[in-house]
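Following: one structure in structure tokens, then a few remarks.
Remember, it's a predicted structure, so these values are computed and weren't measured experimentally. Just the heavy atoms: all of them, side chains too, but no hydrogens, waters or symmetry mates, feed the values below.
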Amino acid sequence: MNKIEKVFASYNFVLASKSPRRQELLRDLGINFTVEVREVEEIFPDGLSSVEIAKYLAELKVGGFEDSELQPKKIIITADTIVVCNGKVLGKPADREEAIEMLKMLSDNEHEVITGVCLKSSEKSKVFSTSTKVFFKKICQKEIEYYVDTFKPFDKAGAYGIQEWIGFVAITKIEGSYFNVVGLPLHDLYENILNWEKEC
């Protein structure tokens, strides 16, 4: 067993997310995990910066676990992704109309995708965030409606998935982590897991 396998095998990982994209990414990273989700109301206080919002929501999700559920070798992973465009935080659209309005805002514009991640055991916790800039070309009303009606991106911050049709035809450039835009910044997550005991 090499060093990486040893580290991964040393812990019981729990992903607190229903997102099939996050589950697939964590699986592809080579980590065995279970999925446990605690429902929380995703509300953040006024006055937070966009980075602080993403980190706050990630911590909020891990706060749904009782202290009795925490163990030294059990690491709970939570994440929350937000999209920020023209200074406005875009979460998941409530309906078709809101999804269309969000994509109109992203069209011919740049925005920032920020994912906050929290790792927590009974002994410690670590919260970090990763930011990526995404650039959209100008997309017309018909393209927006086609995407929304076909892919129904109501579970995605900013009303789009970079790995879907809209990403293929509308995104001209990204600066930073692609996987962060999908929903889980794998590079930063990997480094934080490897350094988990070093930081104790």
Side-chain angles (χ1 to χ4, degrees), residues 1-84 89-94 112-132 154-158 176-177 179-200:
M1 183 180 293
N2 65 35
K3 177 185 175 183
I4 295 171
E5 292 172 329
K6 186 176 180 180
V7 171
F8 285 177
S10 297
Y11 302 97
N12 295 319
F13 292 95
V14 174
L15 178 64
S17 175
K18 295 178 182 177
S19 166
R21 298 169 297 281
R22 289 193 180 121
Q23 293 174 22
E24 182 180 4
L25 289 175
L26 194 59
R27 197 175 297 115
D28 289 345
L29 191 58
I31 291 178
N32 293 318
F33 62 94
T34 57
V35 175
E36 297 179 30
V37 180
R38 302 291 182 268
E39 297 296 338
V40 296
E41 195 171 9
E42 297 182 24
I43 297 176
F44 53 87
D46 294 333
L48 297 182
S49 68
S50 52
V51 168
E52 289 170 337
I53 290 170
K55 292 167 72 173
Y56 178 90
L57 291 174
E59 282 192 279
L60 188 68
K61 291 178 179 179
V62 84
F65 288 82
E66 301 289 339
D67 289 343
S68 59
E69 298 179 90
L70 304 178
Q71 301 170 14
K73 290 294 184 178
K74 178 179 178 180
I75 299 179
I76 298 170
I77 303 171
T78 62
D80 195 272
T81 301
I82 63 170
V83 170
V84 183
V89 175
L90 306 181
K92 299 171 184 175
E112 190 172 20
V113 179
I114 306 169
T115 301
V117 180
C118 182
L119 306 178
K120 187 174 180 65
S121 71
S122 60
E123 296 183 332
K124 64 174 291 188
S125 65
K126 178 70 183 292
V127 185
F128 61 93
S129 66
T130 304
S131 300
T132 305
F154 308 119
D155 64 335
K156 298 176 177 66
S177 167
F179 297 107
N180 178 51
V181 185
V182 178
L184 200 60
L186 293 182
H187 173 268
D188 287 339
L189 177 61
Y190 174 75
E191 293 296 329
N192 275 279
I193 289 173
L194 286 188
N195 293 324
W196 183 255
E197 291 190 355
K198 295 178 184 177
E199 296 180 357
C200 288

For this session: Return yes if a side-chain donor-acceptor contact under 3.5 Å exists between Asn180 and Thr130, otherwise no.
Result: no
For this session: Work out which heavy atom in Glu66 is nearest to a heavy atom in Glu69; give both atom names and the distance.
Result: N-OE2, 2.7 Å
Return all side-chain donor-acceptor pairs below 3.5 angstrom for residues 75-84, not counting sequence neighbours, or 'none' if the list is empty.
| unit_1 | atom_1 | unit_2 | atom_2 | d |
| --- | --- | --- | --- | --- |
| Thr78 | OG1 | Ala58 | O | 2.7 |
| Asp80 | OD2 | Lys61 | NZ | 3.0 |
| Thr81 | OG1 | Arg22 | NH2 | 3.0 |
| Thr81 | OG1 | Thr115 | OG1 | 2.9 |

Exercise. Can you tell if the side chain of Phe65 reaches within under 4.5 Å of the side chain of Lys120, non-hydrogen atoms only?
Worked result: no
For this session: Please assess Phe44 against Glu52 for the test side-chain contact (heavy atoms from CB on, under 4.5 Å), listing each intermediate value before the final yes or no.
Result: CA-CA 9 Å; Phe44 53 87; Glu52 289 170 337; over 6 Å; no
Seminar exercise, completed: Tightest non-hydrogen contact, residues Val37 and Ala16, listed as CG2-C, 4.1 Å
Exercise. Which atom names give the shortest non-hydrogen contact between Phe128 and Lys55, and what distance separates them?
Worked result: O-CG, 4.0 Å
Seminar exercise, completed: Rounded to the nearest 0.5 Å, the OG atom of Ser10 sits from the CD1 atom of Ile193 at a distance of 11.5 Å
For this session: State the OH-CD1 distance between Tyr190 and Ile31, to the nearest 0.5 angstrom.
Result: 9.5 Å
Exercise. Quick one: does Asp188's side chain get under 4.5 Å of Val117's, heavy atoms only?
Worked result: no
Exercise. Rounded to the nearest 0.5 Å, what separation is found between the NE2 atom of His187 and the OG atom of Ser177?
Worked result: 9.0 Å
For this session: Return the set of residues passing side chain to side chain contact (heavy atoms under 4.5 Å, CB included) with Glu41 (not counting sequence neighbours), or none when no residue passes.
Result: Ile43
For this session: Give the minimum heavy-atom separation between Phe13 and Phe8, together with the two atoms involved.
Result: CE1-O, 3.4 Å
For this session: Answer yes or no: is there a side-chain heavy-atom contact under 4.5 Å between Leu189 and Leu26?
Result: yes
Exercise. So do the side chains of Leu60 and Leu57 get within less than 4.5 Å of each other, counting heavy atoms only?
Worked result: yes
Exercise. What's the shortest heavy-atom distance between Gln23 and Ser17, and which atoms?
Worked result: NE2-O, 3.0 Å
Seminar exercise, completed: The single option from Lys92, Lys18, Arg21 that satisfies salt bridge (Lys or Arg N to Asp or Glu O under 4.0 Å) with Asp155 is Arg21
Exercise. Would you say the side chain of Pro72 lies within less than 4.5 Å of the side chain of Ser122, judging by non-hydrogen atoms?
Worked result: yes
Exercise. Of the non-hydrogen atoms in Trp196 and Ser125, which two are nearest, and what is the gap between them?
Worked result: CH2-CA, 4.2 Å
For this session: Could you grab the distance from atom NZ of Lys73 to atom CD of Glu123, nearest 0.5 Å is fine?
Result: 8.0 Å
Problem set entry | Nearest-0.5 Å distance that lies between atom NZ in Lys126 and atom CG in Leu119 | 8.0 Å
